[in-house]
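Only one structure is covered here, and it is reproduced in the block below.
Read the numbers this way: they start at 1 and go in the same order the structure lists the ligands and their atoms. Scope of the values below: all heavy atoms of this structure, side chains included, with no hydrogens, waters or symmetry mates. All values derive from a computational prediction rather than experimental measurement.
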Amino acid sequence: MHEPKRHKITVLGAGAWGTAVAIALASRHDVLLWGRNPAQMATLEAARENTDYLAGYPLPPALRVTADFEQACTHVTGASADEAPLLIAACPVAGLRPLMQQLKERPIPNVVWLCKGFEYETGLLPHQVVREVLGNAVPSAVLSGPSFAQEVARGLPCALTVASDSAALRERVVSAVHGGSIRVYACDDMVGVEVGGAVKNILAIATGASDGLGLGLNARAALITRGLAEITRLGIALGAKPATFMGLTGMGDLILTCTGDLSRNRRVGLALAQGKPLETIVAELGHVAEGVPCAKAVRELAKKLGVDMPITNAVAGVLFDGVSASAMASQLLARDPRNELA
Ligand SMILES: NC(=O)c1ccc[n+]([C@@H]2O[C@H](COP(=O)([O-])OP(=O)(O)OC[C@H]3O[C@@H](n4cnc5c(N)ncnc54)[C@H](O)[C@@H]3O)[C@@H](O)[C@H]2O)c1
Ligand SMILES: O=P(O)(O)OC[C@H](O)CO
């Protein structure tokens with residue numbers, strides 16, 4: 001039986017996902033939500049709602065918010081071991097390195113990140129970025145899986161996976177997050193969990209484009225299935241465990257993001273099918289769509305590693321090389337036949 005315990009938690013990043021996670025945890029724990037924009041945080045406090053990133057979901061009275069980074073850090077660095085502190089980084093991949101640099105000289109107890117992607121400039125996974133900046137001494141974990149912020153903020157059921165090579169941190173994350181309508185599973189395959197979370201966003205763009213072109217449900221199922229093969233090939237080349245890709249952060253998140261209209265990445269694909277330019281799509285979205293920078297990073301990484309990733313290459317062609325969505329579909333169909341399990 002899961003023993004509920006009260007934790008001191010700081011969530012760094014007040015976008016859609018950081019806000020939803022803070023809302024979900026605030027009824028059980030002492031949670032402080034930090035955002036880097038003082039004006040936005042003042043509005044959030046006044047309205048008790050994140051109108052910029054998660055409109056329509058009131059903050060519970062127990063949830064405290066701040067734009068003061070010092071206060072956000074002290075909430076966990078000043079906590080006793082008995083208060084089992086947890087530091088959660090809820091920024092996009094592009095913000096992870098700067099955020100870790102801000103934390104570098106502080107005695108943080110641990111760090112758990114929620115972002116999904118490869119660092120654009122370096123092609124590194126989030127755990128590699130964190131270790132490059134903080135070293136190996138700080139226990140670190142990734143929390144990922146099929147989870148739309150709006151549903152989590154509403155308290156609807158959801159299952160996530162925490163991956164870490166620290167058994168103690170895995171236990172702490174399960175202790176803090178598992179409960180209510182959230183189930184948390186644990187594993188030690190950080191590479192597999194991060195690769196699944198990153199590449200599914202590219203495939204959601206592909207599926208959105210296919211659906212936007214009206215190519216049908218058969219095409220959608222084909223893209224999801226062959227997309228999973230593509231994710232698995234890259235993951236194995238990077239040292240992941242193949243079984244991870246059949247789990248929540250592989251197949252689970254891939255299905256959700258490719259089929260759920262709440263997905264920003266899927267919406268990018270739907271808009272590409274209408275022929276909209278990428279700059280317009282990104283501006284209209286107003287939120288991060290990690291699949292866009294990730295497509296470029298993964299195309300380069302796969303080329304370097306000699307991993308065949310035709311759907312990723314096709315998506316990158318539409319995003320960055322001026323290929324139309326319909327030409328992308330034709331190019332994928334025209335590829336030579338291959339053995340399904342190769
Ligand atoms: N929204 C979801 O449903 C969801 C679910 C699971 C995972 N995620 C992942 O979580 C990450 C964040 O997504 P989101 O939905 O919150 O994005 P968002 O666009 O809603 O918000 C991004 C937030 O990050 C902040 N930010 C950007 N750079 C920062 C930095 N250097 N330091 C601090 N804050 C910074 C922005 O100010 C903004 O508040 C992404 O990697 C996304 O893939 C999102
Ligand atoms: O809205 P998206 O496409 O960034 O997807 C959100 C989550 O990653 C789904 O698990």
Side-chain angles (χ1 to χ4, degrees), residues 10-24 33-41 43-44 50-55 57 65-67 69 72-73 88-103 112-120 125-126 129 133 142-154 156 158-161 177 182 193-194 196-208 248-271 282-283 285-295:
T10 288
V11 178
L12 297 174
W17 191 218
T19 304
V21 168
I23 289 173
L33 172 64
W34 171 85
R36 62 180 175 164
N37 180 334
Q40 190 215 333
M41 295 313 282
T43 310
L44 194 146
N50 190 341
T51 47
D52 287 334
Y53 288 98
L54 197 66
Y57 301 91
V65 304
T66 185
F69 193 70
C73 292
I88 298 178
C91 60
V93 174
L96 189 62
R97 186 178 291 271
L99 192 59
M100 292 305 117
Q101 277 159 346
Q102 276 184 276
L103 293 169
V112 182
W113 53 93
L114 313 176
C115 54
K116 297 175 178 175
F118 285 81
E119 189 175 52
Y120 167 59
L125 285 166
V129 174
V133 181
V142 51
L143 181 64
S144 189
S147 46
F148 285 136
Q150 294 88 338
E151 293 191 2
V152 170
R154 277 173 64 197
L156 296 176
C158 144
L160 301 169
T161 297
V177 184
I182 304 180
V193 164
E194 289 188 331
V199 184
K200 63 87 185 174
N201 285 329
I202 306 169
L203 298 162
I205 296 175
T207 314
L248 290 164
T249 59
M251 185 167 64
D253 211 358
L254 179 66
I255 292 171
L256 178 82
T257 319
C258 287
T259 62
D261 283 332
L262 284 174
S263 163
R264 287 90 47 103
N265 289 289
R266 177 175 160 78
R267 294 210 297 267
V268 168
L270 288 165
V282 168
L285 199 60
H287 286 258
V288 67
E290 295 279 25
V292 174
C294 193

- Message: Does I202 form a side chain to side chain contact (heavy atoms under 4.5 Å, CB included) with C294? I'd like the steps, not just the answer.
- Response: CA-CA 7 Å; I202 306 169; C294 193; 3.9 Å; yes
- Item | Spacing of CG belonging to L143 relative to CG belonging to L114, to within rounding of 0.5 Å |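 That separation rounds to 6.0 Å.
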Numbering the atoms of ligand 2 from 1, which are under 4.0 Å from a heavy atom of [X]?
X    : answer
N265 : 2 (P), 3 (O), 4 (O)
T257 : 3 (O), 5 (O), 9 (C)
G145 : 10 (O)
K116 : 7 (C), 8 (O), 9 (C), 10 (O)
L256 : 9 (C), 10 (O)
D253 : 9 (C), 10 (O)

- Could you establish whether F69 and ligand 1 come within less than 4.0 Å of each other, counting only heavy atoms on the residue side? no
Distance-minimising heavy-atom pair for [X] and [Y]:
X    : Y    : result
Y57  : R154 : CE2-CG, 3.2 Å
G197 : S144 : CA-OG, 4.4 Å
D52  : Q40  : OD2-CG, 3.1 Å
C158 : S147 : SG-CB, 4.1 Å
G286 : Y53  : O-CE2, 4.2 Å
A22  : V11  : CB-CG2, 4.2 Å

Nearest-neighbour protein heavy atom for [atom], which is reported as residue plus atom name and distance:
atom                    : answer
atom 8 (N) of ligand 1  : W17 CD1, 3.4 Å
atom 39 (O) of ligand 1 : G15 N, 3.3 Å
atom 1 (N) of ligand 1  : R264 NH2, 3.3 Å
atom 5 (C) of ligand 1  : S147 O, 3.0 Å
atom 24 (O) of ligand 1 : P92 CD, 3.2 Å
atom 40 (C) of ligand 1 : E290 OE2, 3.3 Å
atom 27 (C) of ligand 1 : R36 NH2, 3.2 Å
atom 1 (O) of ligand 2  : R264 NE, 2.6 Å
atom 13 (O) of ligand 1 : V288 CG1, 3.7 Å

- Message: At under 4.0 Å between heavy atoms, is it the side chain or the backbone of P146 that contacts ligand 2, or both, or neither?
- Response: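 The answer is the backbone of P146.
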- Item | Mode of K200 contact toward ligand 2 - side chain, backbone, both, neither (heavy atoms, under 4.0 Å) |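 Within the 4.0 Å criterion, K200 contacts ligand 2 through side-chain atoms alone.
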Per-atom contacts of ligand 1 with [X], taking only distances under 4.0 Å to non-hydrogen atoms:
X    : value
F148 : 3 (O)
L114 : 7 (C), 9 (C), 10 (O)
A14  : 39 (O)
A90  : 12 (C)

- Message: Which residue is it: Q102, Q101, R97? I am looking for the one with a side chain to side chain contact (heavy atoms under 4.5 Å, CB included) to L99.
- Response: Q102
Backbone or side chain, does any N or O of [X] fall under 3.5 Å from an N or O of ligand 1?
X    : value
Q102 : no
A16  : yes
K116 : yes
A149 : yes
L99  : no

- Message: I'd like to know if D261 pairs up with R266 as an ion pair, taking the criterion as any Lys NZ or Arg NE/NH1/NH2 lying under 4.0 Å from an Asp or Glu carboxylate oxygen.
- Response: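 Salt bridge present between D261 and R266.
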- Message: Walk me through whether N50 and T43 qualify under side chain to side chain contact (heavy atoms under 4.5 Å, CB included).
- Response: CA-CA 8 Å; N50 190 341; T43 310; over 6 Å; no
- Message: Quick one, T249 with D253, criterion side chain to side chain donor-acceptor pair (under 3.5 Å). Give me CA distance, side-chain angles, the key distance, then yes/no.
- Response: CA-CA 5 Å; T249 59; D253 211 358; over 6 Å; no
- Query: side chain to side chain donor-acceptor pair (under 3.5 Å) with T257: which of R264, K116, K200?
  - Reply: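 So the option named by the test is K200.
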Sub-4.5 Å side-chain heavy-atom contact between [X] and [Y]:
X    : Y    : value
Y120 : E290 : no
L125 : V129 : no
F148 : L156 : no

- Message: At under 4.0 Å between heavy atoms, is it the side chain or the backbone of W113 that contacts ligand 1, or both, or neither?
- Response: neither
